[in-house]
Amino acid sequence: MWHNFLLLRQMRNTKSRRVLVGNVHVLYNPNRGEVKLGQICFLSSRARIVAEKWGHIPVVLAGDFNITPQSAIYKFLSSSELNIKSYDRRDLSGQRSCHLAQVFEVKKEIINPFAVMDRLLPNGWTDEEVKVATGNAQCYLAVHPLKLNSSYASVKGSPRTRGINGEPLATSYHSKFFGTVDYLWYTKGLVPTRVLDTLPVDILRRTGGLPCKKLGSDHLALVSEFAFAEAINECNDYMSTSSEKIAMH
């Protein structure tokens, strides 16, 4: 099961300023990369339709995408296209590399025989899987219509909380996973001015996993402040005119 919604937001004290906010909870299953791609394509396509209908307004897509910053689907979100034929659908999300034993280099890792068998299975794509991922069983190129940037990757943060590409080191921590799966993506017309940093890894590990007594969710909240931007010239010299906080947790 997955959920998404689109919300048209009229900003306070700004008669002509609107922004479309989309929220999504993509399928968790690490092996079903084709489903994740299909869900993201559907949401982004609907967001573009609504944004164009309301005058080509800016878009923010937030939520639990269940993909890591190093994954092929993350690259898909930031580049707008992905040739799925080059990938094993079971590795598209990057989640299978974020088990606690892998992240923290536990020496005595318990080997799951089913996981070993899974790696030996053929990684080819069926027509149905291709159709779910791209919308066309004969097309291996997945595309989405939005030009997206990540809010956290765009705002400099502390090396204690950020990875090499600027995303948080971890937004979720439980018995099967430690890493980042939550994001705030935005389109042209908005500029992220600041974000709320997540917990450093050492402090997050002391919780023993999420949720815990002090944190009631299995995900950390992401918060970004955006400013509406007006292009002064073609070199993207912006001036901010209004801002609104958008929180996702």
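Starting from 1, each residue takes its place in the sequence as its number.
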side-chain contact (heavy atoms from CB on, under 4.5 Å) partner of Thr68, the single match among Ser93, Ser97, Pro30, Cys98
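The side-chain contact (heavy atoms from CB on, under 4.5 Å) with Thr68 is passed solely by Cys98 among Ser93, Ser97, Pro30, Cys98.
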
With the 4.5 Å side-chain cut-off for hydrophobic clustering, are [X] and [Y] part of the same group?
X      : Y      : value
Val50  : Val24  : yes
Leu20  : Trp54  : yes
Ile67  : Phe177 : no
Val143 : Phe42  : no
Tyr173 : Val181 : no

Calculate, to the nearest 0.5 Å, the distance between atoms [atom1] and [atom2] belonging to [X] and [Y] respectively.
X      : Y      : atom1 : atom2 : answer
Ile49  : Arg46  : CD1   : CZ    : 4.5 Å
Leu37  : Leu27  : CG    : CG    : 11.5 Å
Ser44  : Arg48  : OG    : CZ    : 8.5 Å
Leu169 : Phe178 : CG    : CZ    : 7.5 Å
Thr180 : His219 : OG1   : NE2   : 11.0 Å
Tyr74  : Asn165 : OH    : CG    : 4.5 Å

Considering all heavy atoms, the nearest [X]-[Y] contact:
X      : Y      : value
Arg89  : Arg32  : NH1-CD, 3.7 Å
Phe76  : Ala142 : CE1-O, 3.3 Å
Thr207 : Cys212 : CB-SG, 4.0 Å
Ala51  : Val59  : CB-CG2, 3.7 Å
Gly33  : Ile73  : O-CD1, 4.0 Å
Ala133 : Ile84  : CB-CD1, 4.1 Å

So do the side chains of [X] and [Y] get within less than 4.5 Å of each other, counting heavy atoms only?
X      : Y      : result
Val132 : Val35  : yes
Phe226 : Ser151 : yes
Leu210 : Leu220 : yes
Leu61  : Leu77  : no
Lys147 : Thr187 : no
Tyr140 : Thr134 : no
Val155 : Ser224 : no
Val130 : Asn136 : no

Can Lys36 and Glu34 be counted as an ion pair, charged N to O under 4.0 angstrom?
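Glu34 and Lys36: not salt-bridged.
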
Starting from the C-alpha separation in whole Å, work towards a yes-or-no answer on side chain to side chain contact (heavy atoms under 4.5 Å, CB included) for Phe228 and Val19.
CA-CA 9 Å; Phe228 284 103; Val19 62; 4.2 Å; yes

Contacts of Asp202 that satisfy side chain to side chain contact (heavy atoms under 4.5 Å, CB included) - sequence neighbours left out:
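In terms of side chain to side chain contact (heavy atoms under 4.5 Å, CB included), with neighbours along the sequence ignored, Asp202 is linked to Arg160, Pro200, Arg206.
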
Take Asn31 and Gln95 through the test side chain to side chain contact (heavy atoms under 4.5 Å, CB included) and record every step on the way to the result.
CA-CA 9 Å; Asn31 297 320; Gln95 292 165 283; over 6 Å; no

Give a yes-or-no answer on whether the side chains of Thr193 and Glu225 include a donor-acceptor pair shorter than 3.5 Å.
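Result is yes, a qualifying pair exists.
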
No-hydrogen, no-angle side-chain donor-acceptor test under 3.5 Å, Ser154 and Asn149
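No.
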
Would Leu184 and Val195 satisfy side chain to side chain contact (heavy atoms under 4.5 Å, CB included), going step by step from the backbone distance to the final call?
CA-CA 10 Å; Leu184 285 164; Val195 297; 5.9 Å; no

Run Gln39 and Leu43 through side chain to side chain contact (heavy atoms under 4.5 Å, CB included) and show every step you take.
CA-CA 6 Å; Gln39 292 174 346; Leu43 177 64; over 6 Å; no

Determine yes or no for a side-chain-to-main-chain donor-acceptor pair under 3.5 angstrom, with Tyr152 supplying the side chain and Val223 the backbone.
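Indeed, once roles are kept as given, a pair shorter than 3.5 Å links the two residues.
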
What about Trp125 and Tyr87, are their ring centers closer than 6.0 Å?
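No, the ring centres sit 6.0 Å or more apart.
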
